[in-house]
Amino acid sequence: MTLPYALAIHGGAGVMPRASMTPEFSKECRAALKRAVAAGEDVLHRGGAALDAAIESVNVLEDEPLFNAGRGAVFTTDVTHEMDAAVMDGASRRAGAVAGIFGPRNPVTLARAVMERTDHVLLIGSGALRLARDAGLPFEEPPYFYTERRRRALEEALALRANGQTIDDPALRHGTVGAVARDRSGNLAAATSTGGVTGKLPGRVGDTPVIGAGTFADNRSCAVSATGDGEAFIRLCVAHEIDARVRLAGQTLEQAAAGVVMDDLTRIGGSGGVIAVDARGNVTTPFNCEGMYRGWVVEGDTASVAIYHDE
Ligand code: ASP
């Protein structure tokens, strides 16, 4: 029996606040989100696998300098980029992830290589880069990843920090990209990729590559990709907590995701959101902050993209 496919993507909770959003920037972001939905949907429409669809969407978002992943990643305090990414296949519960890497054009593709070409789940450092070279993945030089917007965000973060303050503009502070999909065979998958948070200490790893925190997929319940304050997402095991509520507590996907994001995350002072799809193809995208760049499509319907709450 074939089932209708479903796909959701996000370009992170680090959105431009509504007060400073311009029509041009909003248009650019929405167009990029549409391209990412279309890329993943194309795979699903041709009968492809959820994992391929999720990675295809994330590749588009990584190549897009608007979002904090791949090209356009934020800077560490050393003015370097360190990227994290993960994939998980809900059918086999196999997963792959990389942390703190720099060089590969598409960190999420390297995460997939970890899953498919090694016995491990998480690789860092020179070993991760060696795998990328062995797998023939494309590398880029620093100018490819450099964006003036992220450089200015770092200066601002460091200036505020010198005064004992923290950056409160989400667009300057953080961001991530991700996708979750359910294919026509009923398989679920999740993929997430990020530059982390602006002005992070070199060596800091967020929730994205931590399986069960920022990325998770299990055919029995749901696939989840998160964005927001990584440390809070790790402490709450957000993605796995949503899975557990669906699988063990009998909650609907919407109840489970909203409970974790709106209640638990808010309670510990964390900000952000998730995109999630369940085994029945339901999609939910809760966030407890001003906005989350996002898009979704269910087979038979037209694709939607949105940034703020009331869309
Ligand atoms: N969760 C990411 C991290 O902490 C950042 C984000 O999604 O905004 O690395």
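Each residue takes its place number in the sequence, starting with 1. First listed ligand is number 1; within each ligand, the first listed atom is number 1.
- For Ala13, the closest heavy-atom approach to ligand 1 does not fall below 4.0 Å.
- Nearest protein heavy-atom neighbour of atom 4 (O) of ligand 1: Arg204 NH2, 2.7 Å.
- Looking at Gly175 next to ligand 1, an N or O pair under 3.5 Å apart turns up.
- Among Glu82, His174, Met83, His10, the residue whose heavy atom lies nearest to atom 8 (O) of ligand 1 is His174.
- Residue Glu231 places no heavy atom under 4.0 Å from ligand 1.
- Across all their heavy atoms, Leu154 and Gly199 have their closest contact at CD1-CA, 3.6 Å.
- No donor-acceptor contact under 3.5 angstrom links the side chains of His10 and Thr285, judged on distance only.
- A donor atom on one side chain and an acceptor atom on the other are not found under 3.5 Å apart for Thr76 and Glu82.
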Please test Glu231 against Arg235 for salt bridge (Lys or Arg N to Asp or Glu O under 4.0 Å), starting from the C-alpha separation and ending with a verdict.
CA-CA 6 Å; Glu231 284 70 10; Arg235 286 159 57 205; over 6 Å; no
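- Formation of a donor-acceptor pair under 3.5 Å by the Glu241 side chain with backbone atoms of Leu236 is not found in this model.
- Below 4.0 Å from some heavy atom of Thr227 lie the following atoms of ligand 1, by number and element: 6 (C), 7 (O), 8 (O).
- Annotation: atom 6 (C) of ligand 1 to nearest protein heavy atom, Thr176 OG1, 3.0 Å.
- For a threshold of 3.5 Å applied to N or O pairs, the pair formed by Val197 and ligand 1 contains no separation below that value.
- Taking only nitrogen or oxygen atoms, main chain and side chain alike, Asp84 does not reach within less than 3.5 Å of ligand 1.
- Listed by atom number, the atoms of ligand 1 under 4.0 Å from Asp207 heavy atoms are 1 (N), 2 (C), 3 (C), 4 (O).
- Ile101 has its side chain within reach of Leu129: a pair of non-hydrogen atoms, C-beta onward, lies under 4.5 Å apart.
- For ligand 1, the atoms lying closer than 4.0 Å to a non-hydrogen atom of Gly196 are 5 (C), 9 (O).
- Under the 30°/60° scheme for interplanar angles, the aromatic rings of Phe145 and His81 are found to be tilted.
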